[in-house]
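No experiment lies behind these values; they were computed from the predicted model shown. All ligand and atom numbering here is 1-based and tracks the order in the structure.
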Amino acid sequence: MNAPAVGLTGGASPLDTRLQRELDSFRAADLYRVRRIVEGTHGVALTVDGRACISFCSNDYLGLASDPRVAAAAQRTLGSSGTGSGAAALVSGYNREHAQLEEELADYTGRARALLFTSGWAANLGTLRALFGKADALLCDELNHASLIDGARLAGARYIRVPHADTGGFTAALADAQAQGGEVGIVSDSVFSMDGDEADVPVLAALARQHGATLVIDDAHGLGVTDGGAMALADVYIATLGKSLGAAGAFVAGSEALIEFLIQRARTWVFSTAPPPAIAAAARAALRIIRSEPEHPLRLQANITRFRRGIEALGSGLPFRLSPSTTPIQPLIVGPAGPAVALSRALLARGYWVAAIRPPTVPAGTSRLRVTLSAAHTDAQIDGLVAALADASADAA
Ligand SMILES: *Cc1c(COP(=O)(O)O)cnc(C)c1O
C-alpha cells in the first residue's frame, strides 16, 4: 500500500517548511521582492497600488506602450483575427501579421530575414541552444542578461566568463577557446540592462571576424534608442518587442541560413504557440512610428541630459552615486540593499516610482535605484524626480 499523504490537510509540508525558511532569510537580508499593481496603462503617469505617481522604472523608452495608434492597430487585428494564434508557427499559428512583421523587421535591421519569438527570454535560450553544443565555447560578458547566461548553459558549451566590457579579456579568451577547437561564440548585451553602459560592438565584431567566431548581440535596450552598431555587425541580432516598441515578444535577425536553421532547430520557437496576431500588429504600428518620427529618440536624449545635469547639480554628500551612462538606463548606485529599498520607498511616498534593484539581479554591494528615462517624460517630471531625490536623501541622512 502507498504511504498515506501527509501535509496536504494539516501542518506544513517538507517543501513549504524549506521554502519558508528561505523566504525568511530573504526578508532578513532586505532581498524579499513583491509586486505592485498598476491600474490602466503602463505609461509615465500611472496609478500604482491605488496611488497616482510618475514612473521612472519602465523600459518603454519611447512611450509607445500607451500610444493610442499602437493600441488601435492591435484592436483592429483583434477584430479581424481574434485573440490566440492557436498553435506553434510551424503547425497552424503563423498569421499574415506575423509574416509582415518579420519582413518589416528584416527591412528595418537591414538583414535578410527575421524570426519572431514569444519573448526575449525564449529567443536567447532557443537561439544559443540551437547554434552551439558541447564541443563549442561561448565567451560571455559577466554582466550579460540572465537569459543569455541560461541560454549559454543550456547549450552545453564551455562557458567562458569574460570580465565586464573588457575587449582585451575577449581577445585572450578567444585565443584559448580556439586552441581547444569547436565553434566559438561571442555573446553580449549591447546596452547592459542594469548599468546602462554599452559593449564595444564594433571591436567585438572585428575580433569575431579575425578569429572566425560568431557574434551574438542582445540589443533589448538598444533597439529604437541607440545604434551601437549591433544591427549591422552582429551575426545573430536579437532584440525584444516589449521594451522600446511597447508591444511584446522578440525577434532574431540575420542571414537566410540562420533563420531557416532556427526554424528547424530552435526548441523555444518550434514547441511554443505563436504570439497573438494582434501583438504583431501592435509591434508593426510601433515600428512605423519609430521609423517615421525621429523626434522621440531626440527627446529621450534631451531628457537623459536634463536628468544627469540635475543630479550633478545636487553636489556631494548624497547616499548614491550617478553611473557614467549615456543611455536611458541611469542607475543611482546605493550599495547595501536596505538603504536602496528605503530610498525607493521614500520616493514613492513623494509620488515617484523608481525600483530598487538588489542581488542576485546585481552583484552584492551594488544595490541601486534603476532610473530609466522615457521620451514621454516632461521637463517638470524630471525636475520633480531630482527634487524628490534631494529631499528623500536629506531625510535619510
Ligand atoms: C528584458 C531582456 C530580455 C528578455 O526579454 P523579454 O522579451 O522581456 O523576455 C533579454 N535580454 C535583455 C538584455 C533584456 O533586458
Side-chain angles (χ1 to χ4, degrees), residues 33 35 38 42 57-62 64-65 98 101-102 105 109 114-129 138 140-155 162 164-165 185-199 201 204 215-231 234 236-253 262 266-269 272-276 279-280 282-283 286-287 323 325 327-331 355 357 360-362 368 370-374:
R33 297 154 181 237
R35 296 167 294 175
V38 171
H42 292 247
C57 44
S58 170
N59 302 312
D60 173 31
Y61 302 119
L62 302 175
L64 296 178
H98 299 134
L101 174 59
E102 287 178 346
L105 288 168
T109 56
L115 184 67
L116 194 56
F117 282 73
T118 48
S119 73
W121 192 285
N124 285 341
L125 252 62
T127 301
L128 290 174
R129 163 95 203 248
L138 289 170
C140 305
D141 188 289
E142 65 183 344
L143 293 189
N144 276 354
H145 190 263
S147 57
L148 288 175
I149 298 173
D150 282 12
R153 300 227 183 268
L154 188 66
V162 178
H164 178 51
I186 296 178
V187 183
S188 182
D189 284 22
S190 59
V191 175
F192 289 87
S193 51
M194 295 301 138
D195 291 79
D197 61 335
E198 294 175 82
V201 173
L204 295 181
L215 181 61
V216 180
I217 297 287
D218 177 346
D219 200 29
H221 298 279
L223 177 71
V225 176
T226 49
D227 180 9
M231 265 183 206
V236 181
Y237 176 88
I238 306 174
T240 78
L241 303 171
K243 288 171 178 155
S244 65
L245 268 82
F251 67 99
V252 177
L262 293 177
R267 292 164 63 85
T268 59
W269 184 85
S272 190
T273 303
I279 281 298
L287 190 61
S323 299
S325 157
T327 69
I329 302 166
Q330 293 287 328
I357 309 286
T361 306
V362 293
R368 63 198 67 188
R370 179 177 179 268
V371 174
T372 53
L373 292 151
S374 162

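- Residue contacts with ligand 1: Asp189 is placed with no nitrogen or oxygen under 3.5 Å of a nitrogen or oxygen of the ligand (distance criterion only).
- With ring centers used as reference points, Phe192 lies under 6.0 Å from His164.
- In terms of modelled atom types and a separation under 3.5 Å, the side chain of Arg267 and the main chain of Ser272 share no donor-acceptor contact.
- Interface atoms of ligand 1 facing Ser147, defined by a heavy-atom separation under 4.0 Å, are 10 (C), 11 (N).
- Ring geometry, Tyr237 versus Phe251: the interplanar angle falls from 30° to 60°, so the pair is classed tilted.
- Listed by atom number, the atoms of ligand 1 under 4.0 Å from Asn124 heavy atoms are 10 (C), 11 (N).
- Here is the list of ligand 1 atoms found below 4.0 Å of a heavy atom in Asp218: 10 (C), 11 (N), 12 (C), 13 (C).
- Lys243 NZ, 1.5 Å is the protein heavy atom nearest to atom 1 (C) of ligand 1.
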Criterion side-chain contact (heavy atoms from CB on, under 4.5 Å) on Trp121 and Asp150, from CA distance to verdict: CA-CA 9 Å; Trp121 192 285; Asp150 282 12; 3.4 Å; yes
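- A side-chain contact (heavy atoms from CB on, under 4.5 Å) with Phe117 is found for one member of Val252, Leu241, Ile238 and no other, namely Val252.
- The distance criterion of under 3.5 Å between nitrogen or oxygen atoms is not met by Thr240 with respect to ligand 1.
- Looking only at heavy atoms of the protein, atom 4 (C) of ligand 1 is closest to Trp121 N, 3.7 Å.
- At least one donor-acceptor pair closer than 3.5 Å links the side chain of Ser325 to the backbone N or O of Gly196.
- Counting only non-hydrogen atoms, the option in Gly151, Ala250, Gly120 that gets closest to atom 6 (P) of ligand 1 is Gly120.
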